[in-house]
Amino acid sequence: MKNKIIIAIDSFKGCLTSVEANEAATEAIRSRMKDAEIVQVPVSDGGEGFLDAFRVAIGGNEIKVATKDALMRPIFARYLLQGETAVIEIAQASGLTLLQTEERNPLVATSYGTGLMVADAVRRGAKHIIVGLGGSATSDAGIGMLRALIDTFAPSHFARRWDDIEVLKDVHFTIATDVKNPLCGKNGAAFVFAPQKGATPDMVRQLDDRARRFAEISAKHFGYDCQNSVGAGAAGGIGYAFLQYMNATCKPGIELLLETINFKEIVSDSNLVITGEGSADKQTLMGKLPMGILRQSGDVPVCLIAGRINNEEDLRKIGFADIRCINPENISLEEAMRKDVAIQNIKNTISSICVNTKLLWRRKS
């Protein structure tokens with residue numbers, strides 16, 4: 001009977017995509033176990049690679065659309081359309097990686113381009129829009145996105161209000177994020193995430209005040225307040241805009257993806273699952289992608305690989321059968337981040353697992 005191995009490794013940010021990491025692991029297994037059945041599952045938690053993971057999962061057509069980046073410069077971005085379902089990765093339009101370091105300024109960065117992508121999907125007949133929230137350059141509480149939708153769908157220049165947009169009332173939105181932060185406050189979008197996007201301490205306070213005022217006005221209008229809901233602080237508050245204005249459902253990105261591909265059935269007759277990420281640490285324990293893989297793998301052993309590992313004892317306690325750092329000791333970060341080096345280090349690590357860890361081929365007791 002053939003061994004069946006599931007490979008579901010997250011991207012190593014700034015280094016390898018999920019597809020590239022999975023392929024490196026696959027090549028290593030095939031070199032050691034030529035008869036093994038290997039199933040690659042490209043994965044993402046809502047950020048980098050989200051669109052590609054869903055393309056593999058559900059098929060569909062990639063739509064290329066003219067939109068704006070976070071500084072309102074014309075760009076083209078892509079999203080996925082499969083029947084009446086659209087999948088949008090906000091980083092395609094509003095992403096931090098689209099800006100040079102010196103251009104980063106969340107006081108002026110806008111999510112308007114994401115709104116144009118949503119509008120295009122609605123115009124093409126999408127009734128369910130899945131939005132991956134990750135990698136944004138913005139901290140505008142989704143105001144730019146909402147403005148783009150008003151500009152697109154409001155019936156006249158004299159009635160440019162959210163309540164005039166009838167077409168969105170038939171569309172269901174699902175936002176995919178592992179961020180649990182509220183919109184405002186010390187644990188909110190501005191204080192926690194804006195410094196990564198170029199905000200100074202003074203800018204952080206301004207951004208938080210702006211988001212709070214917007215939430216207060218919105219709550220008065222709707223009669224309810226989503227600023228403290230799970231996911232509200234995601235993507236600089238774009239999560240809040242979807243929750244408050246579009247009645248979106250919020251789900252962990254990896255959970256949503258694994259449900260879509262029926263991962264529990266795929267893994268049910270396998271011998272081993274290999275997952276991984278760039279850094280495995282206490283954030284992993286709080287629900288990052290490898291935890292989603294572990295939870296849905298049942299009694300199948302799950303091996304975790306990473307470029308850096310902290311809290312290894314705690315990671316073993318929660319159920320990972322084996323944990324391996326792919327990088328040799330004393331390697332520099334610059335060297336470890338080279339694509340060719342990372343691919344080879346994954347291959348070396350997986351080869352070692354195949355040769356030396358026969359325990360993993362048994363189901364957990």
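Bear in mind that the values here come from a model prediction, so they are computed numbers and not experimental data.
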Could you give the side-chain donor-acceptor pairs of residues 115-128 under 3.5 Å, partners two or more places apart or in another chain?
unit_1: D120; atom_1: OD2; unit_2: Y79; atom_2: OH; d: 2.6
unit_1: D120; atom_1: OD2; unit_2: R124; atom_2: NE; d: 2.7
unit_1: R124; atom_1: NE; unit_2: Y79; atom_2: OH; d: 3.3
unit_1: H128; atom_1: NE2; unit_2: T174; atom_2: OG1; d: 2.9

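- Annotation: side chain of K68 is not in contact with side chain of I75 (no heavy-atom distance under 4.5 Å).
- Proximity of I88 to Q92: side-chain heavy atoms (C-beta onward) are nowhere separated by under 4.5 Å.
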Enumerate, atom names and distances included, each donor-acceptor pair closer than 3.5 Å involving a side-chain atom of residues 33-43, sequence neighbours excluded.
unit_1: Q40; atom_1: NE2; unit_2: E23; atom_2: OE1; d: 2.9
unit_1: Q40; atom_1: NE2; unit_2: T26; atom_2: OG1; d: 3.0

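- Side chains of N327 and N345: a donor-acceptor N/O pair is present below 3.5 angstrom, by distance only.
- Sorted by first and then second residue, the ring pair (Phe, Tyr, Trp, His ring centres under 6.0 Å) pairs involving residues 276-317 (not counting sequence neighbours) form an empty list.
- Applying the ring pair (Phe, Tyr, Trp, His ring centres under 6.0 Å) rule to pairs touching residues 99-125 yields nothing, sequence neighbours excluded.
- Of the possible donor and acceptor atoms, one in the side chain of N271 sits under 3.5 Å from a partner among the backbone N and O of K4.
- Nearest heavy atoms, C15 versus M337: SG-O, 3.3 Å.
- Taking the charged nitrogens against the carboxylate oxygens, E312 and K317 have no contact shorter than 4.0 Å, which rules out a salt bridge.
- When only modelled atom types and interatomic distance are considered, T17 and S11 share no side-chain donor-acceptor pair under 3.5 Å.
- At least one donor-acceptor pair under 3.5 Å links the side chain of D208 to the backbone N or O of G185.
- Between A137 and A109 the shortest heavy-atom distance is O-CB, 3.5 Å.
- Taking each heavy atom of A154 and I165 in turn, the nearest pair found is N-CG1, 4.5 Å.
- At distances below 3.5 Å, not a single donor-acceptor pair connects side-chain atoms of T138 with backbone N or O atoms of T110.
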Derivation and outcome, side-chain contact (heavy atoms from CB on, under 4.5 Å), residues E103 and R73
CA-CA 12 Å; E103 295 177 327; R73 297 175 298 200; 2.8 Å; yes
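- There is no path of hydrophobic side-chain contacts, each under 4.5 Å, that joins I274 to V19.
- In this structure, R295 and K264 have side chains that are not in contact, with every pair of non-hydrogen atoms separated by 4.5 Å or more.
- D340 is linked by a side-chain hydrogen bond (donor to acceptor under 3.5 Å, both in side chains) to R338, counting only residues two or more places apart in sequence or in another chain.
- We find the SG-CG distance between C303 and L294 to be 11.5 Å, quoted to the nearest 0.5 Å.
- For residues 188-207, every residue pair satisfying the salt bridge (charged side-chain N to carboxylate O under 4.0 Å, His left out) rule, not counting sequence neighbours, is listed here: D202-R205.
- Residue A141 comes nearest to A241 through the heavy atom pair O-CB, 3.5 Å, listed as atom of the first residue, atom of the second, then distance.
- In this structure E84 satisfies the side-chain hydrogen bond (donor to acceptor under 3.5 Å, both in side chains) test with no other residue, sequence neighbours excluded.
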Using the rule given for salt bridge (Lys or Arg N to Asp or Glu O under 4.0 Å), can you reason through D209 versus R213, listing the C-alpha separation, both sets of side-chain angles and the distance that settles it, and then say yes or no?
CA-CA 6 Å; D209 288 343; R213 289 194 300 271; 5.0 Å; no
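- I326 contributes atom CD1, which lies 4.5 Å from atom CD1 of I346 (distance to the nearest 0.5 angstrom).
- Taken to the nearest 0.5 Å, the CG atom of L304 stands 6.0 Å off from the CD1 atom of I309.
- In this structure, the side chains of I266 and N262 stay at 4.5 Å or more apart for every pair of heavy atoms.
- Nearest heavy-atom pair, V341 versus A336, reported as atom, atom and distance to 0.1 Å: CG1-CA, 4.4 Å.
- Side-chain N or O atoms of N311 include one that pairs as donor or acceptor with a backbone N or O of K282 at under 3.5 Å.
- Contact check for Q296 versus V267: no side-chain heavy atoms found under the 4.5 Å cut-off.
- Partners of Y224 by ring pair (Phe, Tyr, Trp, His ring centres under 6.0 Å), not counting sequence neighbours, listed by chain and number: F222.
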F242 and M246: side-chain contact (heavy atoms from CB on, under 4.5 Å), yes or no, with the steps?
CA-CA 5 Å; F242 276 109; M246 304 183 206; 3.4 Å; yes
Test salt bridge (Lys or Arg N to Asp or Glu O under 4.0 Å) on E259 and K251; report intermediate values, then the result.
CA-CA 11 Å; E259 287 178 0; K251 284 193 170 185; 2.9 Å; yes
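- Using a distance-only test at 3.5 Å, with no hydrogens or angles considered, a donor-acceptor pair links the side chain of T284 to the main chain of D281.
- Counting heavy atoms from C-beta outward, I29 and C354 have side chains that approach closer than 4.5 Å.
- Heavy atoms only, all atoms of each residue included: G292 and I254 are closest at CA-CG2, 4.0 Å.
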Taking it one step at a time, do L168 and L149 satisfy side-chain contact (heavy atoms from CB on, under 4.5 Å)?
CA-CA 9 Å; L168 291 180; L149 292 170; 4.1 Å; yes
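- Using a distance-only test at 3.5 Å, with no hydrogens or angles considered, a donor-acceptor pair links the side chain of S111 to the main chain of M145.
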Table please: side-chain donor-acceptor pairs of residues 53-62 below 3.5 Å, with sequence neighbours left out.
unit_1: R55; atom_1: NE; unit_2: E62; atom_2: OE2; d: 3.4
unit_1: E62; atom_1: OE1; unit_2: R78; atom_2: NH1; d: 3.4
unit_1: E62; atom_1: OE2; unit_2: R78; atom_2: NH1; d: 2.7

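- Remark: K180 pairs with no residue by the side-chain hydrogen bond (donor to acceptor under 3.5 Å, both in side chains) rule, at least two apart or across chains.
- The closest side-chain heavy-atom distance from L80 to I63 is not below 4.5 Å.
- Take F214 and apply the ring pair (Phe, Tyr, Trp, His ring centres under 6.0 Å) test, not counting sequence neighbours, and it matches Y240, Y245.
- Not one N or O on the side chain of S352 forms a donor-acceptor pair closer than 3.5 Å with the backbone of N348.
- For S332 (side chain) and E335 (main-chain N/O), a donor-acceptor pair under 3.5 Å exists by modelled atom type.
- No salt bridge links R212 with E216; every basic N to acidic carboxylate O contact stays at or beyond 4.0 Å.
- Inter-residue side-chain proximity for N228 and L183 is flagged as unmet; no heavy-atom pair is nearer than 4.5 Å.
- When only modelled atom types and interatomic distance are considered, D10 and S18 share no side-chain donor-acceptor pair under 3.5 Å.
- Hydrophobic clustering (side-chain heavy atoms under 4.5 Å, transitive across Ile, Leu, Val, Met, Phe, Trp, Tyr) keeps V204 apart from I143.
- In this structure a side-chain-to-backbone donor-acceptor pair under 3.5 Å is missing from S229 to A232.
- The side-chain hydrogen bond (donor to acceptor under 3.5 Å, both in side chains) search around D45 returns none, not counting sequence neighbours.
- Comment: R324 engages D322 in a salt bridge, judged by a side-chain N to carboxylate O separation of less than 4.0 angstrom.
- Within the model, atoms CG of L99 and CG of N105 stand 10.0 Å from one another, a figure rounded to the nearest 0.5 Å.
- The pair E166-K169 meets the salt-bridge criterion, since a charged nitrogen lies less than 4.0 angstrom from a carboxylate oxygen.
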